Protein chains: 2
Amino acid sequence: MDGNRPSDVLSPECPSRQVLRHLTSTWGVLVLIVLLKGEHRFSALKRRVGGVSERMLAQTLQQLEGDGMVLRVAHPVVPPHVVYSLTDLGQGAALRVQALVGWLESALDDRAIASGDGKIGRICQV
Amino acid sequence: MDGNRPSDVLSPECPSRQVLRHLTSTWGVLVLIVLLKGEHRFSALKRRVGGVSERMLAQTLQQLEGDGMVLRVAHPVVPPHVVYSLTDLGQGAALRVQALVGWLESALDDRAIASGDGKIGRICQV
DNA sequence: GTTTATACTTACAAAAATGTAGGTACTTCC
DNA sequence: GGAAGTACCTACATTTTTGTAAGTATAAAC
């Protein structure tokens, strides 16, 4: 009926802010862009996301799962076998996060090249 | 010559990660989307970004200025008159951040409506 | 029988983020 | 003369985040 927008991250009490914090958290961002490439097991995520501790990875995945961004499927076998993937909602988020990250990497590279700084190539090689 | 990408946020030592953290920090995100609407003075930003303290706002602006995202112009008058705006680089970042935030707000609203939860309208009204 | 592997959890410690309160330097308005 | 307004900074306390190390269950490999 009306055209107003209920969710507003500029408003401190709005729950959307919590979700935004999860999506844009240090590890949340990185987990999302890795999961965009396909489903991963816990240990595979840990290897891909450089520098993350098991504790932080578990916590980040639980937050994203709680927000409906990540799907966790556990196969009841020993040793445990758990697969993480993006939900439809999570894929929408991950695509936007990836757009920001991809743009940033390019923009920083362009700036490094423009300033003649040859160091970055040695620092960040995949 | 080669097609590799120097900057890589998945690599823990890459400086791009620091910049990304500034862009996706709690207050960084909100400052960027407010500045996307046009230049603002310090006190105007403080009013717009709900819940931010002067301390955090100043710190966030300094980080973004240091990364080349925000331009700070001070007029030497009393009382002080300082105007903040986005650089070209900052506008690129802000557009991507806004894309994520705008999508998120819509997505959460859709989900709230779909689940018949009428509370959000009362919580986040602008 | 000891090691290896998985996907975590928990307790504790250290580090980082954030809030609070106060101060500054003027000038203008009442 | 006292209060208000601007854009901060600084010290201090508190809160939150993050890291480290250890532990869990069990089967398969050695």
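All heavy atoms count here, side chains included; hydrogens, waters and symmetry mates do not. Just so it is clear: chains get the letters A, B, ... in the order the sequence lines come, proteins before strands, and each one is counted from 1. Computed from a predicted structure; not experimentally measured.
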(request) Indicate, with a heavy-atom threshold strictly under 4.0 Å, whether B/Arg41 touches base, sugar-phosphate, or nothing. (result) sugar-phosphate

(request) May I ask you to evaluate whether B/Ser53 reaches the phosphate of C/dT20, defined as a side-chain N or O under 4.0 Å from OP1 or OP2? (result) no

(request) Please figure out whether B/Gln59 or B/Arg47 has its closest DNA chain D nucleotide nearer the 5' end. (result) B/Arg47

(request) Write down the distance between NZ (B/Lys46) and C1' (C/dT18), rounded to a whole number of angstrom. (result) 15 Å

(request) Would you mind classifying the nucleic acid contact of B/Ser25 as base, sugar-phosphate or nothing, using non-hydrogen atoms under 4.0 angstrom? (result) nothing

(request) Compare the minimum distances between each of D/dA7, C/dG19, C/dA7 and the side chain of B/Arg55, then state the nucleotide with the smallest one. (result) C/dG19

(request) Side-chain contact test, heavy atoms from C-beta onward, threshold under 4.5 Å: evaluate it for A/Thr60 versus A/Thr26 and give yes or no. (result) no

(message) Without decimals, in angstroms, what is the distance between B/Leu61 CG and D/dA7 P?
(response) 11 Å

(request) Would you kindly give the NE2-to-P distance between A/His40 and C/dT6, to the nearest whole Å? (result) 15 Å

(request) Return no unless some side-chain N or O of B/Arg72 is found under 4.0 Å from OP1 or OP2 of D/dC8. (result) yes

(message) Between B/Ser16 and B/Gln18, is there a side-chain donor-acceptor contact under 3.5 Å, judged purely by atom types and distance?
(response) no

(message) Tell me if a side-chain donor or acceptor on A/Arg41 pairs with a main-chain N or O of A/Val83 at a distance below 3.5 Å.
(response) no

(message) For the backbone of A/Val9 and the side chain of B/Glu105, can you confirm whether one donor and one acceptor N or O come within less than 3.5 Å of each other?
(response) yes

(request) State whether B/Gln62 places a side-chain N or O below 4.0 Å from either non-bridging phosphate oxygen (OP1 or OP2) of D/dC9. (result) yes

(message) I want to confirm an ordering. Mapping A/Trp27 and A/Pro80 to their closest nucleotides on DNA chain D, which one lands closer to the 5' end?
(response) A/Trp27

(request) Return the nearest nucleotide to the side chain of A/Phe42; candidates are D/dC8, C/dC8, D/dC12. (result) C/dC8

(request) Return the 5'-most residue of the pair B/Gln63, B/Glu54 with respect to DNA chain C, ranking by each residue's nearest nucleotide. (result) B/Gln63

(request) Can you tell me the distance, in whole Å, between the CE atom of A/Met56 and the C1' atom of C/dA7? (result) 16 Å

(message) How many whole angstroms separate atom CD of B/Gln18 from atom P of C/dA16?
(response) 11 Å

(message) What is the separation between atom NE2 on A/His81 and atom C1' on D/dA25, rounded to the nearest whole Å?
(response) 18 Å

(request) Could you state the atom-to-atom distance from NE2 of B/His22 to P of C/dA16 in whole Å? (result) 13 Å

(request) On DNA chain C, check which nucleotide each of A/Ser43 and A/Arg21 is closest to and give me the residue with the more 5' one. (result) A/Ser43

(message) So does B/Gly38 get a backbone contact from the side chain of B/His40, meaning a donor-acceptor N/O pair under 3.5 Å?
(response) yes

(message) So if I take every side-chain heavy atom of B/Ala58 and compare against D/dC9, C/dA17, C/dT27, which nucleotide ends up nearest?
(response) D/dC9

(message) Between C1' on D/dT18 and CG on A/Leu57, what's the gap in Å once rounded to a whole number?
(response) 13 Å

